[in-house]
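So the structure is just underneath, and the comments pick up after that.
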Amino acid sequence: MKRCDLLVDAGRRRFLSGAGVAAAGAAAATVIPSVPAKAAVPAARVTYPSTRLGNVKDLKLNQPVGVAYPDAEAPGVLLKLGKRVPGGAGPDGDIVGFSTICPHKGYPLAYSADRRTLNCPGHYSVFDCEAGGQETWGHATQNLPQYSLRVDQKGDIFAEGLDELLYGRLSNVL
Ligand code: FES
């Protein structure tokens, strides 16, 4: 036992000697680069298409109209809610658009005209269309993507962006 303790002690001393310190310094030199690396920052900006989705004359109060944005694989809905709401466009600020793919697991959403919500049959998430697609119940970890809408002088409705990431996408424009 005594011999073993001595060997351990000798090993410590050897490590702390010049050879040991030099070895530790060499190891550190391989870890810390002498020239600071420049971080590559990818561009995060997404360019959205401006897409005509319909005309204000196509909309009836509280009746959903099916659309797709930003491409044909992304179903959505236009709604005229009859009162000014967050994100609302048009002369009365009451026209809104949303993705109809649930941000939780991608189930298709159904509109409830009574509650003015988009509801998920998968795990029962509920999104409030009068509150910018805010999730008011359920499993989703984000609100429903809402369209950025513009209405021109002829009443044509254009979608020009989204405020959340569409389900299943790495960016909203493929
Ligand atoms: Fe909609 Fe799960 S897929 S709540």
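We count ligands from 1, going down the list as the structure has it; atoms in each ligand are counted the same way.
- A side-chain donor-acceptor contact under 3.5 Å links Gln142 to the backbone of Leu165.
- Shown here for Leu53 and Ala68, the closest heavy-atom pair between the two residues is CD2-O, 3.7 Å.
- Take atom 2 (Fe) of ligand 1 and draw a sphere of radius 2.8 Å; the protein N/O/S atoms inside it number 2.
- Between Tyr147 and Tyr69, the distance separating the two ring centers is shorter than 6.0 angstrom.
- In terms of heavy-atom proximity, Ile101 sits nearest to Pro75 at CD1-CD, 3.5 Å.
- Within the 3.5 Å criterion, the main-chain N or O of Pro103 finds no donor-acceptor partner in the side chain of Glu135.
- Nearest heavy atom pair, residue Pro145 against residue Leu162, reads CB-CD2, 4.1 Å.
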